[in-house]
Amino acid sequence: MLKRFETLITAGAAYLLMAGIAVAGTPHAAAPGGIKNPAHEWNIVWEEILWDLWIVGGIFAIVAIWLLVKFRAKSPDQVGSAPPLNLDKALAWALVPAALFMADDFLLAAKGWSLWNLQRTVPANAMEVKVTGNQWYFEYDYGNGVTDTDLTVPVGRPVVLRMTSNDVIHSFGLTEYRVKEDIMPGRITHIWFYPDKPVETAVVCVEFCGNSHSQMTNAVKAVPQADFDAWMAKKLEKKKPAAAAQPAAPAAAEPAKTQTP
Amino acid sequence: MTTATSTDFHDKSGSTLKEWIFTTDHKRVGVLYLVGAIAAFIVAGIMALGIRLEQMSPGESGLINYFVLDFAKTMPTGTAYNVALYFHGAAMILAFLIPALTGFAANYLVPLMIGAPDVAFPRINALSLWLFWAGILVALMTFFVTDKPDIMWTGYPPYSVTTTANTALYVFTVHLIGFSSILGAVNFLVTIIYMRAPGMGWDQMNIFVWTTFAAFMIQIVFVPVLASAVTLLLFDKYMGTGFFDPTRGGDVLLYQNLFWFYSHPAVYVIFLPAVGLLFDIIATQARNHVFNYKACVYGGIIGILAITGEVWIHHLYIAGMPDWLRIGMMVSTLLISVPVGLLLISLWGTMYKGAIHYNVSMWYAVVCLFLILVGGLTGIPLAITSMTVHLSETSFVHAHFHFIMGLMATFAVFSAVYHWFPKITGRSADSAIAKWALWIKVIGTQVTFWPLFIIGVQGMPRRYWDYAMFPQFETYHTIATAGAFLIAIGVILMVGGWVWSAFYGPKTDSNPWKSKSIEWTHAESPPGPGNFPKPVAVDPYWTPYNYIEWDHDKY
Ligand SMILES: [Cu+2]
Ligand SMILES: [Cu+2]
């Protein structure tokens, strides 16, 4: 009877611990001022999850090695000698680990959820670009008549992409910004990202779409606002048929080329 | 229930080809499943070598067309690569893993483990086998038609509808193997429920019998959903319907939902029997009982069964599903760690105070313990929606599921072949070469898949034959390709060893592991028609893991 009581106490304590950890993992309020960059947050959560994995994996691996070495048979006829578990131990060995795993799950879920809220809440000042997937290229529509097959965006302003497909399913994979979402016919999906520094990177199609799937890529350029304005002006200029095309603003500093990621 | 006397319908135990083809004996059916599964494994493995060669460097290797028997190079490189990838995925899952576990292992072991003379419906069992072989033949037609399917094992529309390739071959392969699975499910559920030896309660069954029961529960519930999904695909492509065509009121995501409603649980159709085999192998080689049997069965196996139907959206995390649904299924997906954790604790605990006898089968099982950790833990970030928006569709995913399915489940099958080889053939397959084959494969698999984890986190997309935009990944791909060829060497040594051992291996006695499980204690090796010389009955305290007697009043 006393033993049963101990089991209940142990299991109860484990569940309290679980609840505590889950509360500790719930989202903090957004940092005051400035915009939180989901890509940076992704890197932070990733590091934390890796620790979690190394700890859990390490414990299991060390215990496995200990068991495998310690309990190797010393003679060909030796048999195991583990006594069966009585009910209390059996319950404890089920409920306590279950509580610990659930605690870890809720911790991870809380972290994941807060990042998810950030990833899915499009900032009000975001610049919108329409993306259309085709076999096998992306098309960008800036909403003012300007279209392109590379994506150029200004640094310092969130960008939201509203995406659909003309043919099969594609997926817009932006490794640099740690985000991707499928592009489908008959549906409009969205993602947003925050280009916080000048960079030239690439988008890749990451949903299988046929022969040239692995060549469906284009440049994604985050450029200073002034360069962006100049680029946009030039694009608008081209749309006017009779206008004399003059060299636009003096070439500004080239955006830093980085490799992905 | 011992009324089904096997001698009625399979007294033919000769070894002519006809007697093998028309067999209704569960043991022969099992062996024929294994032969078919290994054949599929080898062809799909050759495709893997082609895939790795193509990925070794960006740009065309010019080789992949030969792998899919397109010697005239009528197909562009990308399409030839996609055909190889389609066949590799579809064959490894539908024609190797599922048939090796629920075809070979279930057929050979379940009736023997529960003390039954055969399965409940031996002729339906033979029909299952024939359908499976027909499925393999239809799948192999991939290489002999001009419009080879290039739609991946997932067959997502609209691509699978708009492509000029032959989607019908895919659909018919799924139909045949799916029908085979449903018949198998009926057969084995009835067998396990009604044909256990007199006296054998549910809590006295081998863990492998439990996992087979769970796997077939999944098959009988979910396979029809997959069958309906691919059938609608067939209608859309060849009969002009518009189930998945948004311009005609259809929805492209309907297919993905139906497909993964089956195909996530299908992971457990593979995972559960694989772990069940490991339990029985480790318990036997450690001469020990299963640690916390009831938590393992009712928490672990039944727990997985309860959750497995509510998590499929984790395959659609980037497919534009509603935000709340993605979060809901993130939580249910993470909670899978509870039953899986209980299974692992029981598996680990089965070694506690055991007497572990090391042989090639046990070494495979030891490797599986490591593979299950890597494969399971790397699934955790993929369960988290916000992590997956970066990791999805990268080679991180590819490495993750290869660790759990391609490596852990496959090594569990290999372990089982070695463990029950003396039962099946009366000879031992353990040898120095068998151990060499194992360690070569261990090194090969790690060399292949760790680089893919690394470049996956850095953004290497899946299903890419060219990666000109990521030249920095070439070294990793080259290393991974070298690993694949090491695996191939290991596989050749292993399969060659099996064939040699089946004819010339050293003879063993009928219970070389001194096991307490019925297939070893009550049957000859190999067992004759009807399995048992005398009908089997067990007493209330019997379990397959009773290596020492305990005071039953105390426990
Ligand atoms: Cu694509
Ligand atoms: Cu899944």
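Letters A, B, ... are given to chains in the order of the sequence lines, protein chains preceding strands, and every chain is numbered from 1. The figures that follow rest on heavy atoms only: side chains count, while hydrogens, waters and symmetry mates do not.
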Self-check item: Proximity breakdown for B:Met362 and chain A, heavy-atom pairs closer than 4.5 Å
Solution: side chain
Quiz item: Just checking heavy atoms, which of residues 43-50 of chain A are less than 4.5 Å from chain B?
Solution: A:Val45, A:Trp46, A:Ile49
Quiz item: Hey, would you say the B:Phe470 and B:Tyr464 ring centroids sit under 6.0 Å apart?
Solution: no
Quiz prompt | For chain A, the option from B:His357, B:Met351, B:Gln285 that forms the most heavy-atom pairs under 4.5 Å | solution = B:His357
Quiz item: How about B:Ser337 and A:Asp105: does a side-chain donor come under 3.5 Å of a side-chain acceptor?
Solution: yes
Quiz item: Do you know which of B:Thr350, B:Val290, B:Thr162, B:Thr385 has the most heavy-atom pairs under 4.5 Å to chain A?
Solution: B:Thr385
Self-check item: Flag, side chain of B:Thr394 to backbone of B:Leu391, donor-acceptor distance under 3.5 Å
Solution: yes
Quiz prompt | Region of A:Asp167 that comes under 4.5 Å of a non-hydrogen atom in chain B | solution = backbone
Quiz item: Side chain, backbone, both or neither: which part of A:Ser171 has an atom under 4.5 Å from a heavy atom of chain B?
Solution: side chain
Practice problem: Indicate the atoms forming the closest heavy-atom contact of B:Ser160 with B:Gly155, along with that distance. | Solution: OG-O, 2.9 Å
Quiz item: For the side chain of B:Asp466 and the backbone of B:Pro58, is there at least one donor-acceptor N/O pair under 3.5 Å apart?
Solution: no
Practice problem: Please confirm whether the backbone N or O of B:Ser392 pairs with a side-chain atom of A:Lys180, one donor and one acceptor, at under 3.5 Å? | Solution: yes
Quiz item: Does A:Val206 offer a backbone N or O that forms a donor-acceptor pair with the side chain of A:His170 under 3.5 Å?
Solution: no
Exercise. Flag the one option from A:Ser212, A:Ala61, A:Cys205, A:Gly173 with the top tally of heavy-atom pairs under 4.5 Å to chain B.
Key: A:Cys205
Quiz item: Does A:Arg162 have any salt bridge (charged side-chain N to carboxylate O under 4.0 Å, His left out) partners at least two apart in sequence or in another chain, and if so, which?
Solution: A:Glu128
Exercise. Output the option from A:Cys209, A:Gly186, A:Ala90, A:Pro38 having the highest count of non-hydrogen pairs under 4.5 Å with chain B.
Key: A:Ala90
Quiz item: Where do B:Val389 and A:Trp116 land on the side-chain contact (heavy atoms from CB on, under 4.5 Å) test, with the steps shown first?
Solution: CA-CA 9 Å; B:Val389 296; A:Trp116 180 243; 3.9 Å; yes
Quiz item: At a heavy-atom separation under 4.5 Å, does B:Ile384 approach chain A through its side chain, its backbone, both, or neither?
Solution: side chain
Practice problem: Would you please indicate yes or no on a ring centroid separation below 6.0 angstrom for B:Trp363 and B:Tyr358? | Solution: yes
Quiz item: Given that the side chain runs from C-beta out, which part of B:Leu373 has a heavy atom under 4.5 Å from chain A: side chain, backbone, both or neither?
Solution: side chain
Quiz prompt | Between B:Val331, B:Ile345, B:Asp245, the one whose heavy-atom pairs under 4.5 Å with chain A are most numerous | solution = B:Ile345
Quiz item: Which ring pair (Phe, Tyr, Trp, His ring centres under 6.0 Å) pairs, counting each pair once, include a residue from residues 72-94 of chain A, with sequence neighbours left out?
Solution: A:Trp93-B:Phe291
Exercise. Give, as side chain, backbone, both or neither, the part of B:Pro339 having an atom under 4.5 angstrom from any heavy atom of chain A.
Key: neither
Self-check item: chain A contact via B:Asp251 - side chain, backbone, both or neither, heavy atoms under 4.5 Å
Solution: side chain
Quiz item: Just checking, is any N or O donor in the side chain of A:Ser214 or B:Trp465 under 3.5 Å from an acceptor N or O on the other one?
Solution: yes
Quiz item: Using non-hydrogen atoms only, which part of A:Gln135 is less than 4.5 Å away from chain B: side chain, backbone, both, or neither?
Solution: side chain
Self-check item: chain A contact via B:Ile548 - side chain, backbone, both or neither, heavy atoms under 4.5 Å
Solution: side chain
Quiz item: A:Gly80, A:Pro76, A:Ala39, A:Gly57: which one forms the most heavy-atom pairs within less than 4.5 Å of chain B?
Solution: A:Gly80
Quiz prompt | Toward chain B, the part of A:Ser75 with a non-hydrogen atom under 4.5 Å | solution = backbone
Quiz item: Of all of A:Gly112, A:Pro97, A:Gly210, which one pairs up most often with chain B through heavy atoms under 4.5 Å apart?
Solution: A:Gly210
Practice problem: Specify which of B:Ala286, B:Ser346, B:Gly341, B:Pro461 makes the most heavy-atom pairs with chain A at under 4.5 Å. | Solution: B:Gly341
Quiz item: Do you know which of A:Thr189, A:Thr217, A:Val204, A:Asp77 has the most heavy-atom pairs with chain B at a distance under 4.5 angstrom?
Solution: A:Val204
Quiz item: So which of B:Arg462, B:Lys294, B:Arg287, B:Arg463 has the largest heavy-atom pair count under 4.5 angstrom toward chain A?
Solution: B:Arg287
Self-check item: Interface moiety of A:Arg72 toward chain B, non-hydrogen atoms closer than 4.5 Å
Solution: both
Quiz prompt | Between A:Asn218 and A:Thr149, a side-chain donor and acceptor under 3.5 Å | solution = no
Quiz item: For B:Met330, is it the side chain, the backbone, both, or neither that has a heavy atom closer than 4.5 Å to a heavy atom of chain A?
Solution: side chain
Quiz item: Passes salt bridge (charged side-chain N to carboxylate O under 4.0 Å, His left out), A:Glu181 versus A:Arg187? Steps please.
Solution: CA-CA 12 Å; A:Glu181 185 89 355; A:Arg187 281 174 180 259; over 6 Å; no
Quiz prompt | Which atoms of B:Ala319 approach chain A - backbone, side chain, both or neither, heavy atom under 4.5 Å | solution = both
Exercise. Name all residues meeting the side-chain hydrogen bond (donor to acceptor under 3.5 Å, both in side chains) criterion together with A:Asn134; count only those two or more places apart in sequence or in a different chain, and write none if there are none.
Key: A:Glu139, A:Asn166
Quiz item: If you count heavy-atom pairs under 4.5 Å between each of B:Thr79, B:Asn288, B:Leu342, B:Ile327 and chain A, which one has the most?
Solution: B:Ile327
Self-check item: Closest-packed option against chain B by number of heavy-atom pairs under 4.5 Å, given A:Val56, A:Ile169, A:Asp52, A:Ile183
Solution: A:Ile169
Practice problem: Flag the pair B:His477 / B:Tyr467 as yes when their ring centroid distance falls below 6.0 Å, and as no otherwise. | Solution: yes
Exercise. Apply ring-ring contact (aromatic ring centres under 6.0 Å, His included) to B:Tyr156 and A:Phe208, showing your working.
Key: CA-CA 9 Å; B:Tyr156 281 4; A:Phe208 172 71; 9.3 Å; no
Self-check item: A:Trp66 side chain reached by B:Tyr352 side chain, heavy atoms, under 4.5 Å
Solution: yes
Quiz prompt | With A:Phe172, the ring-ring contact (aromatic ring centres under 6.0 Å, His included) member among A:Tyr177, A:Phe193, A:Trp192, A:Phe138 | solution = A:Phe138
Practice problem: Can you tell which part of A:Gln119 gets under 4.5 Å to a heavy atom of chain B, answering side chain, backbone, both or neither? | Solution: side chain
